[in-house]
Every structure is written in structure tokens, then in C-alpha cells.
Number of protein chains: 2
Amino acid sequence: MEKKQSQSVGRKPRADAQQNREKIIEAAKEAFRKSGANASLDDIAKQAGVGAGTLYRHFPSREELLKAVYHTAVQKLADAGQKFSDTLSPLDALRAWMLLFVDYIAEKQIIASALSALAEDPKKTFEASYAQIWETIRSLVRRAIETGDIREDLDPIDLLRALIGVASISTSPDWQESAKRLVDILITGSQSDK
Amino acid sequence: MEKKQSQSVGRKPRADAQQNREKIIEAAKEAFRKSGANASLDDIAKQAGVGAGTLYRHFPSREELLKAVYHTAVQKLADAGQKFSDTLSPLDALRAWMLLFVDYIAEKQIIASALSALAEDPKKTFEASYAQIWETIRSLVRRAIETGDIREDLDPIDLLRALIGVASISTSPDWQESAKRLVDILITGSQSDK
DNA sequence: TCATTAAACGGAGGATATCTCCGTTTAATA
DNA sequence: TATTAAACGGAGATATCCTCCGTTTAATGA
């Protein structure tokens, strides 16, 4: 027998595949934000500069695409937490991350409710992401407590709850502004007494 | 001028219109349950035995139809509360209603998340229904307290929370059974000490 | 009971969206 | 550079949405 199947296990994945995947997710994020969760998939493909076939190969269903957008957002949030930790003071890092979290909630609203409607098991879909976010803020807060910038008795979940709460009320269209002001208040209120 | 517009304000609405409306809601309820919130509207019309035009005249959008299904369910729940009050002992009435509430949650899950995804303002969409349900259980519990069947310090909302909680966990497909067993436990636990 | 009429009906069909199929292109490999 | 398997694109088959308008029918009053 000669070479047969060179080494079918070991061929690098094509670079364009991954790129296209990312372009599609980016276009989808925009489209969902602008047109809601029912945005045309063909349009998203067009916007991303790929054929419909490519979109459907990567994401066989709308649900898959929504999940991908969602998980990408969560991943970015976690990555940003790490980056802020590495480059900013503990307090500034926490503040910066909380501001980012506000944007994230805005993005999430539409995606999350669409996913709840479509997903086989919404619970399972979100579990991993909850954990990731939780871990990120926990780490940011711990760091700020260790340097004495933040009160020892601060429970990180209180911060998340406050932000999510504001977003949930979201009665006026300027809730994002209000949420950002809240971040300052929370940061101030969370600092050590001295 | 002669008769002109007989009395354009005072002509009875046609009986078939209301009937068709109800047939459509019934068919939609089934379809959403079986095929999810994206069930084909043309199919629903067919199933209800009406033309597509009729469906769209009654419910110009999917959202309108979902709302109608939802509100109908809530209304039935409230009506049943009244009926149980009139025909059963306070304790049996409360038990019967809680069992019905379990079925309602099952129905609601898919509708509610679809509505959250579609509705202009989900909050507003649900507010009235919350109030209606709240009022119903409050009345059932008060009645049972007055006859001494239920402990005076029982807060009705605890019962709702417990049931909704079970439904939200809903990890296994037999959660409805589990919820029904819970009803018995709750009823027993809520009775007066003597 | 019957003529009148406005309301309601039905469903064909145009517009739009979904999703597949397959011939073509291209990145990896030797 | 030749080979090849993976990835691509987009035409078009299928499905769904939704409107338009000719037809039917329930209410009314003579």
C-alpha cells in the first residue's frame, strides 16, 4: 500500500474558515441589534461577505448562530477582565469592567430572550456563561480587596445584581446612561472607609 | 336627509367573528405547544378551519396572536379560581387551583419567552396578567384563612414562588409530576396547626 | 319573510425568507 | 508544482408570510 491517506488526522484547518466564522458572528451581532432576533440570515451572510451556504455550514440553525454571538460576547467580557487586571489598578480595572458589563447587558437582552424561545434547554445554554462571568468579577473584586481598595465585606454578586436590576427596569431609553452613573456610585460605595 | 347610516354605532357584532377568533386561539395554543413559537401561521389558520386572511384580520402579527393565547390562559386561570371558590371547600379550591396553575406554567414557558423576544415592551405585556393571577390566589388564600383551614401567616406569594421555582428548575421531563406532588406538600404545610 | 348592507370570510398569489445542492475555488501538504 | 480535501458561493427549490379583493353571510328593518 502506498501513502493512502497521508495522515487524515493531521491537516491544519484552513485559515479562511475561522476568519469567515468570525466575520459572520460580527455581522450577526450587528444585525440582531439593529433588526431584532429575526434578522434575515441571508442578509447576515451578505453583510459578512460570504455566501448563504457558508453561513449555514458554520451555523446550521438560527439558534446556533445566536449561541455563538452570545458566547463570543461572554468570552470577550472574561478576556477584558483579564486584560484590565493586567494593565490597570485594581479599582480602575473593576470600574472599567463594570462599564463594559453594562454594554454587554444591552447586547444580551435581545439575544437571551430569543435563545430562551428557541433553545432546546435554555438553562443549559446559559449555565456555563453565568459561571464565567461570576468567576471574572469575583477575581476582580478579590484583587481590589487584597490591595485594600475595596471593603472586605463586599459580595461581588451585589454589584452584578444592581447593574442587572437597572437594566431590567430599563423603562427609559437612556437606561445605559443611568447604569453608567450607577457604576460610579457603586465603586465609590464599595471603597474601604479610608 | 333620509336614513343615511341607519345607526352605524349600534349593529351587533357578527357571531361568527367571535367564534372564529376563539377557534384560532385554540388552534394556536396547540400549535405553539407542539411546534414552538415559530409554528406556521398559515397552518394554524388551516387547523382552525379558517382562511389565512381571517387569521391576519384578527391578529395582525404573531405577537398579537401570542398575546391573545397568553391572556386567554390567564383569564381561564382567574375564572377557574372563581368557580372553585363557588363550588369547593376553601382548601379543595386552593388545591385545585394550584394544580391548574402548574399546567398553566407549562403552557406559559414557551409563550412567555417568545413574547419577550417579540414584544415592544415585555414588561407592560405581562403586568396586567401578574396582577390578575396575584389577585386570584390572594382571594383563595384569604378565604381559606377565614375558615381557619390555613395558617394566618401564610403569604400567598410563597406558594406561587414555590411552584414557579420547581417549574424553572424543570431539569427532568417529569417536572409536572413533581410539581403536583409539591402542591400536596404545600397544602399540608399550610394548614393550621389544628 | 325578504331585500339590503356592512361586516366578515377565504384563499390565490406576490413578496420574502429559509436552506440545500453542487460545481468551483483555494489552502495545506508533499 | 501537483494533488486533494476542505471550504466556498449563490442559484433556486421550498416554505412562510401577508395582502388583496371577489364572495358569502349575519344583522336589520320594512
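Convention: sequence-line order gives letters A, B, ...; per-chain numbering from 1. Worth knowing before you read on, the calculation uses all heavy atoms, side chains too, and leaves out hydrogens, waters and symmetry mates. These numbers come from a predicted model, not from an experiment.
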Atom pair distance, as rounded to whole Å: NZ in B/Lys46 and P in D/dT16:
10 Å

Quick check on A/Gln47: does its CD atom have over 12 non-hydrogen neighbours (other residues, nucleotides or ligands) under 6.0 Å away?
no

B/Tyr56 has an atom OH; how far is it from atom P of C/dT16, in whole Å?
14 Å

Residue whose closest nucleotide on DNA chain D lies nearer the 5' end, B/Pro13 versus B/Asn38:
B/Asn38

Answer yes or no: is there a donor N or O on one side and an acceptor on the other, between the side chain of B/Ser113 and the main chain of B/Ile110, under 3.5 Å?
yes

CD of A/Gln18 versus C1' of C/dA28: gap in Å, rounded?
16 Å

Would you find a donor on one side and an acceptor on the other, under 3.5 Å apart, between the side chain of B/Arg62 and the backbone of B/Ala37?
yes

Pair B/Lys34 + B/Glu30: basic N to acidic O under 4.0 Å:
no

Any side-chain heavy-atom pair from A/Phe59 and A/Ile25 closer than 4.5 angstrom?
yes

Detail all sub-3.5 Å separations between protein N/O atoms and N/O atoms belonging to nucleotides 9-15 of chain D.
from: D/dG9; atom 1: OP2; to: A/Gly51; atom 2: N; distance (Å): 3.1
from: D/dG9; atom 1: OP2; to: A/Thr54; atom 2: OG1; distance (Å): 2.8
from: D/dG10; atom 1: N7; to: A/Ala52; atom 2: N; distance (Å): 3.4
from: D/dG10; atom 1: N7; to: A/Gly53; atom 2: N; distance (Å): 3.4
from: D/dG10; atom 1: O6; to: A/Gly53; atom 2: N; distance (Å): 3.1

Between D/dC17 atom P and B/Leu118 atom CG, what is the distance in whole Å?
12 Å

Please confirm whether the shortest side-chain N or O distance from B/His58 to OP1 or OP2 of C/dC9 is below 4.0 Å.
yes

Reckon B/Pro60 touches a base, only the sugar-phosphate, or nothing at all at heavy-atom distances under 4.0 Å?
nothing

Please state how far atom CG in A/Leu55 lies from atom P in C/dC19, giving the value in whole angstrom units.
10 Å

Between A/Ser40 and C/dT16, is there a contact of a side-chain N or O with OP1 or OP2 at under 4.0 Å?
no

Side chain of B/Ala17 only, please: which of D/dC8, C/dA8, D/dA27 is the nearest?
C/dA8

Salt-bridge test for A/Arg143 and A/Asp149: reply yes if a basic N is under 4.0 Å from a carboxylate O, no otherwise.
no

Only stems of 3 or more consecutive Watson-Crick or G-U pairs count here, both distances under 3.5 Å; name the ones for DNA chain D, or none.
C:1-30 with D:1-30

Are any side-chain N or O atoms of B/Trp97 and backbone N or O atoms of B/Leu77, one a donor and one an acceptor, separated by less than 3.5 Å?
yes

Would you mind reading off the distance between A/Asp43 atom CG and C/dT18 atom P, rounded to a whole angstrom?
8 Å

Heavy-atom side-chain proximity of B/Leu140 to B/Pro90 below 4.5 angstrom
no

Got a sec? Which of residues 21-36 of chain A come in under 4.0 Å of DNA chain C, heavy atoms?
none

Write down the distance between CG (A/Leu41) and P (C/dT18), rounded to a whole number of angstrom.
5 Å

Show your working on side-chain contact (heavy atoms from CB on, under 4.5 Å) between B/Leu160 and B/Phe101 and close with a plain yes or no.
CA-CA 9 Å; B/Leu160 286 187; B/Phe101 184 74; 3.6 Å; yes

Are the charged groups of B/Glu135 and B/Arg138 less than 4.0 angstrom apart, N to O?
yes

Is a side-chain donor or acceptor of A/Thr136 paired with a backbone partner of A/Gly81 at a separation under 3.5 angstrom?
no

Taking only side-chain N and O atoms of B/Arg14, does any of them lie within less than 4.0 angstrom of OP1 or OP2 on C/dA6?
no

Can you check the A/Leu65 CG to C/dC19 C1' distance for me, whole Å?
14 Å

Please determine if B/Lys67 forms a cation-pi arrangement with B/Phe126, meaning its NZ or CZ atom is less than 6.0 Å from the six-membered ring centre and no more than 45° off the ring axis.
no

